[in-house]
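Presented below is the structure to which this report refers.
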Number of protein chains: 2
Amino acid sequence: MGTNIPKPALERLPRYLRALRRERGRGKSFMSSNALGQASGVEEFQVRKDLSHVQVSGRPGRGYRIESLIVTLEHVLGLDEVRDAVVVGAGRLGQALSQYPGFENFGFNIVRLFDNDPEKVGQQVGDFKITHVQQMPEWINRHGISVAMMTVPADCAQEVADQLIKDGVTGLWNFAPVLLRVPEHVVVRHEDLAIGLAQLSHHMAWGRSDAD
Amino acid sequence: MGTNIPKPALERLPRYLRALRRERGRGKSFMSSNALGQASGVEEFQVRKDLSHVQVSGRPGRGYRIESLIVTLEHVLGLDEVRDAVVVGAGRLGQALSQYPGFENFGFNIVRLFDNDPEKVGQQVGDFKITHVQQMPEWINRHGISVAMMTVPADCAQEVADQLIKDGVTGLWNFAPVLLRVPEHVVVRHEDLAIGLAQLSHHMAWGRSDAD
DNA sequence: CTATGTGAAAAAGTTCACAGCG
DNA sequence: CGCTGTGAACTTTTTCACATAG
């Protein structure tokens, strides 16, 4: 269990999780597929189908037990284990990420921010001092870092990725607009903001309201 | 034409566009579906199918004319018309966005950065001074702004969106983790970074290398 | 009587294989 | 030949309808 979930369903789970946490925050203990759908912008039967891929069972007449559904989703999404991560590239975006509160809600704990620009090295950003990339291998090794968030320029992204992988990182969250080539055992998520922009632009030009 | 393109195909077009621009930058004038696929991480028949939704025709034996394919894709994606945009929320992410070079490649031109924090108002961020949200309505009206990028806290996002829409904005690029309710004529794109994180986390926990 | 869980139908998207063009 | 364009097969995902449970 946890695997074999259709990709589109998997992309909806985090949204359900957020809605559930919010509802829990309001002191509720049950939530129906209808309510979950409303909160997440999904039809109720889609919610039920998605949740059928996961080991839960709702109670007819009441809905799903919020607490246990949260635990299950966190487990499926791999959020029940916290991963230490570094941010590589201390530009504005890198700084924004390194400061972002709420990564802990999604299983990540940022421990350091690297850059290769001597001007930036040493600067304080929130809790971290920007550290030179030269010291990255040692850091990653010593602290057993498994994840890196990459906010470096496109033309050095592959090189940085190669280095990170050599140092032992097995997960990359890449914001550089390049397709990274990585070995089998490494997981990459390409976060391509241009896609969002292009979508917005397309829908504004040609109509249709939901560019999600 | 331009509409009626399947959503998944539409999400791949920006990647093709980027690959084409890069290739053009190298002085090439033709590119095959195979090369495009390689550069974008897509199978070649998928590329051809995607391009079949668009008014182009490649030349058997050569590939697609880069220049004209670029023009066509830009048109389909609505990038041939530049839209003025504002950024609302001058936190780290808002600042990062307002500085991002390369929006012009995707049809947007950021003209102002707003916030409601008196501490921030007046600060200089790159080319812009942070302006108080009180002045937003007037700005939007006077300059005919159609797009807003929202990097505000979740709990005021809906309120901010309502205001923006009342002022005449018809496109929202929303980074706040809430589902915005908007009238028919407004286009919203929800950019939910948590989905990417959760995906990465899931794939690291349960295996499978491409978390794209 | 309300809300889940799920087979079965419909729709959407992907993959394939191959005809046809330069 | 090399590479496009596309109908047809196949696969995945969404939608629906309804039996079932508390």
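Residue numbering restarts at 1 for every chain, and letters A, B, ... go by the order of the sequence lines.
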Self-check item: Side chain of B:Pro60 - closest among D:dG2, D:dT15, C:dT4
Solution: D:dG2
Quiz item: To the nearest Å, how far apart are A:Glu43 CD and C:dA11 C1'?
Solution: 15 Å
Self-check item: Within 6.0 Å of CD in A:Glu43, more than 12 heavy atoms from elsewhere
Solution: no
Quiz item: Base, sugar-phosphate, or nothing: which does A:Gly63 touch, judged by heavy atoms less than 4.0 Å apart?
Solution: sugar-phosphate
Quiz prompt | Rounded distance in Å - NZ (A:Lys49) to P (C:dT4) | solution = 14 Å
Self-check item: For atom NE2 of A:His53 and atom P of C:dG7, their distance in whole Å
Solution: 12 Å
Quiz prompt | Any B:Ser33 side-chain nitrogen or oxygen under 4.0 Å from OP1 or OP2 of D:dT4 | solution = yes
Practice problem: Go through the steps for B:Arg189 and A:Gln199 under the test side chain to side chain donor-acceptor pair (under 3.5 Å), then give the verdict. | Solution: CA-CA 8 Å; B:Arg189 166 86 189 190; A:Gln199 236 58 2; 5.0 Å; no
Practice problem: Report yes if a side-chain nitrogen or oxygen of B:Arg48 is closer than 4.0 Å to either non-bridging phosphate oxygen (OP1 or OP2) of D:dT4; otherwise report no. | Solution: yes
Practice problem: Measure from NZ or CZ of B:Arg22 to the centre of the six-membered ring of B:Tyr16 and say whether it is under 6.0 Å with the direction within 45° of the ring axis. | Solution: no
Quiz prompt | All pairs passing side-chain hydrogen bond (donor to acceptor under 3.5 Å, both in side chains) where residues 105-116 of chain A contributes a residue, at least two apart | solution = A:Asp84-A:Asn109, A:Arg112-A:Thr131
Quiz item: Picking from C:dC21, D:dT14, C:dG5, which would you name as closest to the side chain of A:Tyr64?
Solution: C:dG5
Quiz prompt | Of A:Arg59 and A:Gln46, the one whose closest DNA chain D nucleotide lies more 5' | solution = A:Gln46
Exercise. Round to a whole Å and report the spacing from CZ of B:Arg65 to C1' of D:dT4.
Key: 16 Å
Practice problem: Taking only the side-chain heavy atoms of B:Ser32 (C-beta and beyond), determine which of C:dG7, C:dT4, D:dC3 contains the nearest atom. | Solution: D:dC3
Self-check item: Distance-only side-chain donor-acceptor flag, B:Arg48 / B:Ser33, under 3.5 Å
Solution: yes
Self-check item: Euclidean distance, atom CG of residue B:Leu36 to atom P of D:dC3 [Å, nearest integer]
Solution: 13 Å
Quiz item: In whole Å, what is the span from the CZ atom of A:Phe45 to the P atom of D:dA19?
Solution: 18 Å
Quiz item: Rounding to a whole Å, what distance do you find between B:Leu51:CG and C:dT14:P?
Solution: 13 Å
Quiz item: Would you say the ring centroid of B:Phe103 lies under 6.0 angstrom from that of B:Tyr100?
Solution: yes
Self-check item: d(CZ, A:Arg62; P, C:dG5) in whole Å
Solution: 14 Å
Practice problem: Establish, yes or no, whether the cationic atom of A:Arg65 lies under 6.0 Å from the six-membered ring centre of A:Phe30 and within 45° of the ring axis. | Solution: yes
Quiz prompt | Residues from residues 6-18 of chain A lying under 4.0 Å of DNA chain D - heavy atoms | solution = A:Pro6, A:Lys7, A:Pro8, A:Arg12
